[in-house]
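I have placed the structure first, in the form of C-alpha cells, so that the comments after it can refer back to it.
FYI, side chains are in, hydrogens and waters are out, and symmetry mates aren't considered; it's all heavy atoms of this structure. A note on names: the letters A, B, ... follow the listed sequences, proteins ahead of strands, and every chain is numbered from 1.
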Amino acid sequence: MDRYNFKSVEEKWQKLWKKEKVFSTKLDKTKKKFYCLEMFPYPSGKIHMGHVRNYTIGDVLARFKTLQGYNVLHPMGWDSFGMPAENAARQNNLDPKTWTELNIKTMRSQLKKLGLSIDWDKEISTCSEDYYKHQQKFFLELYDKGLVYRKENYVNWDPIDETVLANEQVVDGKGWRSGAIVERKKLNQWFFNISKFSEELLQGLETLDQWPNKVKVMQKNWIGKSFGCEVEFKVESEKPIESIKCYTTRPDTLFGFSFLALSVDHPLAKYYEDDRKFQDFRDECSKSGTTEESIASAEKLGFKTDMIAVNPLDKNMKVPVYFANFVLMDYGLGAVFGCPAHDQRDLDFAKKYNLKITAVVKPEKDKDFEINNEAYTGDGFLYNSNFLDGLKVPNESVVKTIEFLEKNNLGKKKINYRLKDWGISRQRYWGCPIPIAYDENDQPIKIPIEMLPVKLPEIDKLSSTGNPLDTENEWKYFILDGKKYRRETDTLDTFVDSSWYFLRFCSPYNTNHGFTQEEVDYWMPVDQYIGGVEHAILHLLYSRFFMQAISHKNETFKLKEPFNGLFTQGMVCHETYKDQNNKWLSPEEVSSEDGKKFFKKNNPLEKIIVGPTESMSKSKKNTIDPESIIKNYGADSVRLFILSDSPPEKDVQWSDQGMLASFRFVQKLWILNSKVLEKVRNTDETNEGENLTKFTNQLIYKVTQNLEKFHYNVIIANFYEMYNFLIKEIEKPIKKEILAENYKKILILMNPFIPHFSAECLSNINEEKINWPSISKEELVEEEINFVVQINGKKRAILKVNRGIDENSILDKIKLNIGTEKLLHNQKIKKTIFVSNRLINIIL
RNA sequence: GCCCUCGUGGUGAAAUUGGUAGACACAACGGACUUAAAAUCCGUGCCUUUUUGGAGUGCCAGUUCGAGUCUGGCCGAGGGCACCA
C-alpha cells in the first residue's frame, strides 16, 4: 500500500484551485451571502503560528459555508503601513516600500501553501495608492461633516530622536530606542470626533449578540458612561473669577465639601501663570505624567490659590481652591469638588493638607459612624446634610439632590463619557499622508479632490531624527492659484487604515470610490470576524466609529455595525528555554531524550533551564516556523493539529508529539481510504450497512452542530471516533452502495479541515460537485437505547431497551433481571423518577 | 482598588445545558509482531481482598429524586481598566 504523498497532492490541488479560480466570488443576489473575514496581517516578514491558527479557523468556516451553498466572500489583504518598516529601513538601508513588498511576497506564498480558500483576486494593501487615496477622501468627507478637528494635545516626546512616541514605546519613562527621558510636549494634532458617538457606540453593543461578552464589557468600560451633575460654585477671589463649574456623580455628598481642585490645564490657570511657584508646580505635574506606575503611586499634590469656593447648598460653607495633580483636564470639566469622607483620592489629599473631613453617608441609619483611613463609598443614608438628611444612598439621594440643584439654578443633570477623541496624527513617514495644507497664516485648507492622492515622496535615506516628511521641502511646499502652501507633514495613525478595509474588500476594483454601495449593501456586514482579543477595544471600536461617521448625514449608507459576529481566538504557546548564561534558546537549539531534561544540541553537557509556557514570540525565541512544519508534515496535518488540542478561543500549546499524531492520522485516513475503495470494488452480495448509515448520520449531526459553535477541537475528536469505528466496520459485510454513499459524506465533512486530502479522495470516487450533507432529526433516532437505572440517585445498572419504553415496563424489566433485581434488596419503593428514554431513579 | 473569565486524571481536553463524569488525543506502563530498533496493533490506569463495592470535577455549605452544570461564601489562576470625580 502506498503512503499518502501530501506534497504532490497539496501542490496539485492548490494549482487547480488557482487555475480554475475556485474561490473567486461575485455579487449574486440569487444566493445568500456569507462574509467571512479574518483580521488582515501586518507584513512583518514571515507568517507565524498565530496566523496559521487565525486563518485556519476562518478557512474552516468559509469552506463549510461554501459547502452549505452560501456565496462566500473570503478575502485577504495587508495592513502594510506602520513603524516596523521605517525601523527596518533605517537598519538595512532599504526603503520601507521595498521592504514591505518583499515581506508581502513571502507571506503571500506561505499563506497559499496552507491551502486557504481565499479569493486572491480581491487582495488589497493599505500602503498602495489605490487604497490610501480613498482614505484621504474619507478624511475630507469627515472633515466636511465636522468630525475632524485640530487641537493642541500632549504627546510623548523623545528629545534625542526628536520624535513622538506611542505609549507602548515608552518604557519606564524612557524612549525605547534612544533611552532618553520622555517629555510631555504640546503639539497641534488632528482628531476624529469619536466621542460624539459615545452613546451610539454604547447602544450598538446591545445589538451585537454574536460578540463575546468579554469584548463588549471591555468596550463598555472604555466608553465609561456615568450619570451625574454639573454644579456651579461661587468663588471669592481678588482675580476676576466669579464661579467654577464641577462635574460630579455624587452631588448628594455636597455637605461633605472640603475643597475644590482644578487641573493645571484648567482655563483659570491663566491667572496664575506668572506665579513662579505655580510654574514649578505645573512642571512637577507634567514630569510625573508619562508612566503608568508613576501615575498609580504618585502622591496627591496641590497648589493652594487665593480663591475661596462657596457651597451652593450652604452659603456659610467656604472652602479653599487648589490646583491638584490628580485632576484631569480631558474628563468632565477639569475641576472637582472634594469630599474626603467618601472618595479615597480626596481623603488622601485632605489628610496631606489638613483639610476638614466630614462624613455625610453612614451605612446604618441608627448607628454612629467614623471615617479613618478609608473613604466610605458604599450604600447607606445621608446625615450631617441639613435638609437632605435621611435620604437613601445612592439612588434616592442623588436624584433628589439633582432635582433641588436644577430647581434652584445651581446645577444641571449631566451624562459624561470617559471615551476621548481619537488622535490620528503621527509624526512618521510610512503612513497615509493627511490631505491638508496650510496657508501663510497657518490656516488649514483641504487638498482639492482632483489633487488626490497626496502621494508619499520617495526618500533615499530616512534620517534618524525627526519627522522625515518635515525635511522634504520639494514635497512639502506647493503653489496653488498663485499662493504658496505648506503640506501637513504628519501621517495618519495606521488604525485608520484598518477601520474600513472590510468595505474595500467588497469592491476592490472601484477606482473612483472606496467602495460601491450596491456591493456593500450585498456583502456587509461581515458575518463572522475572527482575530486576536488584543484588538478588543481600539481596532474594533474605531471600525465601529467609522460606520457611524460614514453613515452620519448620509442617505444611502445606513450600516451602523460592521461586524455581526466576532470570534476571538487564543494564542499559540510553547515552552521557553534558557541556557546557563540566561540567554533565550529556540526549540531547535535544544534536545531531550525523555522530555524532562533538556540539553543544548551543540553541547550535550550543558543543561537547559525550561521556563514557563508562553505565547510564541521572537524575543523569547519560543517560536515554531510554520513553513518548515508545512514542508515536513503538509498543510492538512498542520491545520488538523492547530485545531485539535484546544478549543479555538483558548490558548493552545504547541506540541511536537501532537503535530506528529495529526500527521499520522492523515496517513491512517489514507489507509482507510484505500480499504474503502477496495471494499467498494469487490462484489460481495449483502444488504448490510445500517450501522454505518446510523453512525454517519450521527457524525453529520455532531459535526454540523459543532461547526456552528466553533467547537472545532471536538470535531477532530469526532473524526478520530469515525476512524476507530470505520476501520473495524469495514471488516464486516457492507453493501457497497451504502458504503460508497456514506463514505462520500464523511469525506465532505472532513473537507473544511483537510481540504487537499478530502478533494483528492473525492476525486478518486469521481465526486466533483459536492454539497454539505444534511439529515433530518428522525434519522438520528436509535431503536435500541442504553437506559440508566439509579437507586437513590446513584447509577446502579444500564439496561439495553427499546426506545419509547414506559415506566412500568422498565420496572418489570428490573424485577425480572437477576442482578438488577438484587439492587432493590427486597425493599419497598418509595418513589420513582422516570425520565423518558434516559433513566429511572428509584428511591427506596 | 474596580470589572470580567476560568478551576475536571500525569497533560490538552469532552460531557446532548440539571440526568451514564473523563469521549478523543498526548505522555506513561504492560503485551503482540521483529534478530533488534522504528513503525503498527492490543491492553492497563483512584481506593478496597474478588465483585453488580466505595470515593471522586479547587474548598465549604445550600437547592434537588439527582449537581462538573444552579445559588451563597471562601481559596487559587488568568485577562482588562486604573487618579474618570
Side-chain angles (χ1 to χ4, degrees), chain A residues 212-222 224-226 228 246-251 253 261 289 292 295-298 300 324-328 330-339 342-346 348-349 374 377 416-420 533-534 536-537 594-596 641 644-647 649-653 655-662 664-665 667-668 671 701-702 705-706 711 713-724 727 780 786-798 817-823 830-835 838-843:
Chain A
N213 202 41
K214 177 172 64 170
V215 175
K216 287 194 280 187
V217 169
M218 281 162 76
Q219 293 211 357
K220 196 180 164 191
N221 293 340
W222 190 262
K225 184 178 187 174
S226 71
C246 294
Y247 173 74
T248 177
T249 55
R250 296 297 305 272
T253 61
E292 266 187 35
I295 290 171
S297 58
K300 307 277 174 286
N325 64 344
F326 64 91
V327 183
L328 307 168
D330 49 9
Y331 182 77
L333 298 163
V336 298
F337 92 82
C339 176
H342 306 292
D343 183 293
Q344 193 58 44
R345 291 155 307 175
D346 294 350
D348 295 346
F349 190 80
E374 252 178 67
T377 54
N416 235 329
Y417 301 89
R418 214 189 61 131
L419 182 64
K420 288 175 196 140
V533 73
E534 64 272 19
I537 296 174
D594 57 1
K596 284 169 197 155
F641 170 68
S644 67
D645 266 15
S646 297
E649 69 276 12
K650 283 177 83 173
D651 287 354
V652 62
Q653 181 164 10
S655 139
D656 291 335
Q657 281 90 355
M659 181 60 243
L660 193 61
S662 295
R664 284 185 191 142
F665 184 55
Q667 294 292 342
K668 280 154 85 173
I671 293 167
Y701 181 77
K702 282 195 241 177
Q705 292 290 306
N706 285 324
H711 292 179
N713 57 322
V714 185
I715 299 177
I716 309 296
N718 294 151
F719 291 154
Y720 275 100
E721 282 173 331
M722 178 279 297
Y723 172 84
N724 292 340
I727 199 76
L780 282 180
N786 290 329
F787 199 93
V788 174
V789 179
Q790 292 184 343
I791 308 287
N792 291 335
K794 295 213 163 118
K795 182 186 79 174
R796 282 295 122 99
I798 295 170
N817 194 325
I818 308 169
T820 47
E821 182 261 346
K822 264 199 220 162
L823 293 168
K830 280 189 196 150
K831 189 182 172 184
T832 56
I833 289 97
F834 179 78
V835 183
R838 187 154 285 163
L839 61 79
I840 186 165
N841 189 4
I842 300 168
I843 312 302

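Asp343(A) pairs by the side chain to side chain donor-acceptor pair (under 3.5 Å) definition with Arg345(A), not counting sequence neighbours. Among residues two or more places apart in sequence or in another chain, the salt bridge (Lys or Arg N to Asp or Glu O under 4.0 Å) test is passed with Lys225(A) by Glu199(A). Checked against side chain to side chain contact (heavy atoms under 4.5 Å, CB included), Asn221(A) has the following partners two or more places apart in sequence or in another chain: Val217(A). Remark: Asn792(A) engages no residue in a side chain to side chain donor-acceptor pair (under 3.5 Å) (not counting sequence neighbours). Asp645(A) is linked by a salt bridge (Lys or Arg N to Asp or Glu O under 4.0 Å) to nothing, counting only residues two or more places apart in sequence or in another chain. Remark: Thr832(A) pairs with Glu807(A) by the side chain to side chain donor-acceptor pair (under 3.5 Å) rule, at least two apart or across chains. Listed by chain and number, the residues in a side chain to side chain donor-acceptor pair (under 3.5 Å) with Asn416(A) amount to none (sequence neighbours excluded). For Asn724(A), the side chain to side chain contact (heavy atoms under 4.5 Å, CB included) test picks out no residue, with sequence neighbours left out.
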Quiz prompt | Footprint string (nucleotides 14-19 of chain B, 5' to 3'): B base within contact, S backbone only, - free, heavy atoms under 4.0 Å | solution = SSB--B
Nucleotide N/O to protein N/O under 3.5 Å, stretch nucleotides 31-34 of chain B:
none

Might you list the N or O atoms of the protein lying below 3.5 Å from N or O atoms in nucleotides 3-5 of chain B, with each pair's distance?
none

Quiz prompt | Strand RNA chain B in bracket notation, Watson-Crick/G-U under 3.5 Å with | for pairs to another chain | solution = (((((((..(((......[....))).(((((.......))))).((.....))...(((((..]....))))))))))))....
